[in-house]
Amino acid sequence: MMRFLLLCVSLPFICVLSLQIDSDLSLWQQWQILLSQELDQSYEQIDWAYSRLPRLVMALLVGACMGLIGSIIQQLTRNPLLSPATLGSSSGAWLGLIILAVVWPEGQSQYQVFAAMLGACIALALVLMICGVRNLTGLSVVLSGMAVNLLFGAIAIALILMNDQYAKNLFIWGAGDLSQNGWEKVYWLWPHCLLGLAILGFAGKPLDLLKMGQSAASGRGLNVAALFLVLMLVGLWMLSAAITMVGIVGFLGLVSPNLARLIGARAAGKELYISTLLGAILLVVADSLALYLNTITFEVVPTGLTTAFLGAPLLIWLIQKRLSQQDKIAYLTNYSKASFTSTKLLVSGLALLAIVLLALLTHMDDGLNFRWPDEFAWPIRWPRIVASLAAGAGMAVSGVIMQRLIHNPLASPDLLGVSAGAVLALVATSGFLGWRIGELGPLVAFSGSFLILLILLVLGSRFRFAPAPMILTGVALSAFIETLVQGVLMKGTEEVYDILRWLAGSTYRVKPDQAWVLMLGVSVLILISLSLHRWLTLMSMGREVAAARGVNVKRAFILLLILSVSLCSLVTSILGPIAFVSIVAPHLASLLGARQVSTQILLSALLGAGFLQLADWLGQMVIYPNQLAAGTMAAIIGGVFFMLLLLRNRSVS
Amino acid sequence: MINLVSSWFKVSLSCLALVFSVSVLAEVRIQDSQGEQAFSQSPVRIAALSWELVEDVIELGLEPVAIPEREAYQEWVAQPVLPASSVDIGGRAEPNLEKLAQLKPDVILIGAALKDIQAKLERIAPVVFFDTYQRDHNNQEKADQVFLTLAKLLDKEVHAQAKLAARQQVFEQLRGQLNAAFPAGLPKVTSLRFASTTSAYVYGDNAMPQYALEHLGLQAAMPLASTQWGVTQKRLKSLRGIKEGVVLYFKPFHFEKKLAKSPLWRSMPFVKQGNVASVASTWTYGGAMSLQYLAQAMTDSLLEVAKQQ
């Protein structure tokens with residue numbers, strides 16, 4: 001109780017302090033403005049009354065919303081890892097805004113809110129569809145959210161790259177900007193926040209009941225489904241409203257409720273209150289930091305950036321403190337009963353061959369033609385084909401290893417922040433040297449990925465590499481890096497598109513020697529994976545089984561993790577991030593009946609290679625003479641395919 | 001043995017031919033951003049893969065055979081008008097190489113965005129690289145230099161000199177109009193592009209709009225240090241430092257009405273004095289002649305400002 005009171009008292013102090021940053025008005029003058037509501041025409045007064053004050057109110061509202069929604073989501077799902085961002089809503093809102101900017105730029109001044117909300121809702125619906133409403137308690141929902149984030153992110157990047165000038169002004173929203181011009185946005189947002197008051201008032205008791213378990217709660221007359229639906233909808237409505245107003249501000253929804261529990265909020269209602277309060281405090285502090293930094297640097301520092309600087313370390317600290325080893329599930333083979341035959345391997349091989357031939361033979365000059373590539377087309381085509389085949393196979397095998405290691409069929413190495421590390425290294429080096437990203441070698445990207453792996457290993461050793469905190473730490477790291485990159489994108493100059501282009505994952509710039517290096521590296525790493533298949537088999541049965549059979553679990557885990565990350569980083573360093581191949585190819589292989597590790601590795605490699613090559617080929621065809629990056633196409637096809645698969649699985653079971 | 005001798009003979013012959021072609025037949029020598037390039041004759045089929053180079057080629061009175069992103073050029077650059085014969089070969093960052101090869105260009109002109117795939121492009125045709133926008137040089141002088149170098153390469157030097165002289169005349173003429181419109185002396189002017197109702201990309205030193213203003217005899221109302229593209233992102237609040245000057249903002253800005261209504265904007269000194277106007281959509285990262293279009297568009301806006309006072 002004392003702590004709660006302390007928080008309550010500290011909030012006004014923080015607010016008053018925040019109002020003093022970058023303002024020439026004395027406290028007394030500010031007080032006068034508040035009391036009299038009368039302004040003389042000095043700029044300082046108008047700025048304080050129409051920019052600083054609404055900004056503070058906005059920070060309070062948005063922070064409180066985020067804290068409250070985070071707590072609701074975590075209590076409803078009893079999953080301390082969930083936050084609004086992991087449910088895909090911010091990437092949905094982002095995509096909605098970009099589509100509006102491209103399709104109907106004039107409509108932006110009126111319909112941005114609508115577009116962002118629609119996007120957020122669609123994203124959430126997709127996440128719920130993928131993991132199923134009943135599966136919201138585990139790691140699966142985090143991974144489904146990441147999958148939707150990847151899909152929407154890929155589409156957004158493709159749209160921006162094709163319409164670069166239209167999207168420019170949205171970058172500032174993507175970076176999370178709280179600056180206000182007048183009270184308009186506050187007036188718009190506050191009625192939505194009234195919903196939050198209703199939740200604070202009434203949700204405590206039913207949520208307490210829910211803590212006893214769903215059946216016990218239903219036994220006492222609680223309609224669990226209705227409670228879930230109402231709270232979730234109301235929460236996400238508020239969230240979409242807040243995101244639309246200020247852009248992407250991460251971490252608060254995840255950190256506040258966990259922090260609330262840490263300082264002793266036991267009862268559901270109390271957690272709601274404290275989390276709300278903490279969210280508001282955290283955002284005001286982060287925003288004050290941004291305001292202060294804006295006065296001492298020439299660059300514009302967005303609030304999203306300072307929030308990430310506060311939130312990411314807090315989150316990683318919380319993960320270290322709160323999460324113990326909790327997942328002890330064996331690898332889930334919920335796939336088909338089909339048995340694996342060598343005919344299937346043969347058919348897959350033939351399909352791959354057909355795809356390669358298709359890529360070689362099709363020409364788009366005056367209509368679709370088929371012929372052998374001429375002396376011009378050949379040197380343009382073969383490095384791309386070799387690269388995408390190798391990359392597809394590499395990502396697929398990387399996925400097989402990661403999924404068996406983490407015991408989750410949705411896990412993929414890029415979720416650990418590997419590609420985020422690469423982009424950070426590229427952006428930092430290019431900023432430092434003043435070179436454009438294309439001129440930096442793959443080595444820079446590769447070392448960035450490995451830096452992240454190193455950090456993960458150091459942080460992971462504390463909780464003995466338990467899967468859930470491992471993934472979460474990775475997610476936290478990549479979210480942090482993404483915010484940094486958004487901060488760079490906000491500059492809006494021509495070279496920021498280099499970053500986006502790299503993020504799209506294209507084979508366009510692959511040089512012949514790079515293609516061979518990639519092919520060679522991937523082949524060697526796949527061979528190593530095959531030779532370690534016994535370890536992987538035992539590890540995927542669970543750590544106890546592996547230990548009982550004489551495997552040094554820790555060493556095996558680290559080695560296999562390094563193997564998976566190496567494959568992913570090698571591909572990423574040459575092509576850029578390639579999403580979904582690492583999830584879809586192993587999944588398909590299992591569907592075809594590959595149960596043993598070695599057959600799954602082989603079949604996945606074939607399927608992954610074919611899939612990525614097909615994606616690259618399609619990318620060059622659909623909007624000829626323009627092209628879509630292989631990574632973009634893979635994310636779109638893979639994402640859609642993946643969702644269909646899961647839906648089918650659900651309807652079967 | 002005979003084979004060997006004959007092949008040796010062939011090699012030395014071709015070497016001789018090579019030396020011959022470079023030293024005697026080379027008629028055009030130019031300096032691009034990487035050094036000297038020699039061409040035996042002026043290229044005719046020109047592929048221009050960057051918009052500012054597309055502009056330059058068209059301004060020189062030629063029709064480039066290959067250009068990137070036709071539609072977007074017409075939307076954002078607009079002037080000079082694209083010839084109907086120029087074929088769209090896809091994105092500025094990832095032009096379609098096979099389509100480019102099919103057009104059989106004699107020369108490929110690229111900017112910094114494609115420098116890293118120069119080797120791939122050289123398989124199709126000789127590549128000339130112009131790095132127009134850099135922090136450590138004067139972008140406008142560089143743009144002029146690129147224009148003249150291109151003129152030399154394409155055998156249009158007289159035409160280019162005439163164009164630059166005409167541009168200078170336009171500047172003089174516009175300056176005359178401005179002087180007449182502002183009898184009390186020319187105001188200081190800063191141009192920008194809004195990013196939202198709370199922040200803007202302000203054109204400072206080394207930005208094309210800033211150079212255009214300088215040519216009109218106008219000083220910057222908000223001096224900003226030189227950057228690569230000449231643009232710096234600023235908070236709306238920092239514009240209040242512009243006490244006397246005029247602010248011009250480029251269209252399109254879709255939140256124009258919202259901004260105009262806001263008290264923060266209305267309390268800006270230049271807004272109170274009516275020293276603000278929008279500028280018709282103009283490309284601000286263009287080539288040598290884009291400076292003229294910028295000067296014209298901005299003068300139109302400044303005359304509006306003068307009329308209102």
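Proteins get letters first, then strands, A, B, ... in listed order; numbering begins at 1 in each.
Interface remark: B:R135 contributes no atoms to any contact with chain A (heavy atom separation under 4.5 Å). For A:D22, the parts sitting under 4.5 Å from any heavy atom of chain B are the backbone and the side chain alike. Of the atoms belonging to A:Q180, it is backbone heavy atoms, and not side-chain ones, that fall under 4.5 Å from chain B. Of the atoms belonging to A:R501, it is side-chain heavy atoms, and not backbone ones, that fall under 4.5 Å from chain B. The contact between A:D177 and chain B is made entirely by side chain atoms (from C-beta outward), counting heavy-atom distances below 4.5 Å. A:Y497 does not touch chain B: none of its heavy atoms, backbone or side chain, sits under 4.5 Å away. Proximity to chain B (any heavy atom under 4.5 Å) is shown, for A:Y508, by both the backbone and the side chain. Neither the backbone nor the side chain of B:A72 comes within less than 4.5 Å of any heavy atom in chain A. Within the 4.5 angstrom heavy-atom criterion, atoms from both the backbone and the side chain of A:M490 approach chain B. When heavy atoms are compared at a cutoff of 4.5 Å, B:L114 approaches chain A by way of both its backbone and its side chain. Contact annotation for A:D498: neither backbone nor side-chain heavy atoms come within less than 4.5 Å of a heavy atom of chain B.
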| said: One pair to check against side chain to side chain donor-acceptor pair (under 3.5 Å): B:S50 and B:E52. What are the steps and the verdict? | reply: CA-CA 6 Å; B:S50 182; B:E52 74 275 9; 2.8 Å; yes

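B:D131 and B:K115 are not joined by a salt bridge, as no carboxylate oxygen comes within less than 4.0 angstrom of a charged side-chain nitrogen.
Under 3.5 Å, the side chains of B:Y73 and B:D88 contain no donor-acceptor pair of N or O atoms.
Interatomic distance, A:R381 CZ to B:L97 CG, rounded to the nearest 0.5 Å: 11.0 Å.
Not a single donor-acceptor pair under 3.5 Å links the side chain of B:N206 to the backbone N or O of B:W229. Remark: the backbone N or O of B:M222 is paired with a side-chain donor or acceptor of B:T190 at under 3.5 angstrom. Of the possible polar contacts, one joining the B:R45 side chain to the B:K104 backbone as a donor-acceptor pair under 3.5 Å is found.
With B:F250 as reference, B:Y203 is the one residue of B:W283, B:Y201, B:Y203 to meet the ring pair (Phe, Tyr, Trp, His ring centres under 6.0 Å) rule.
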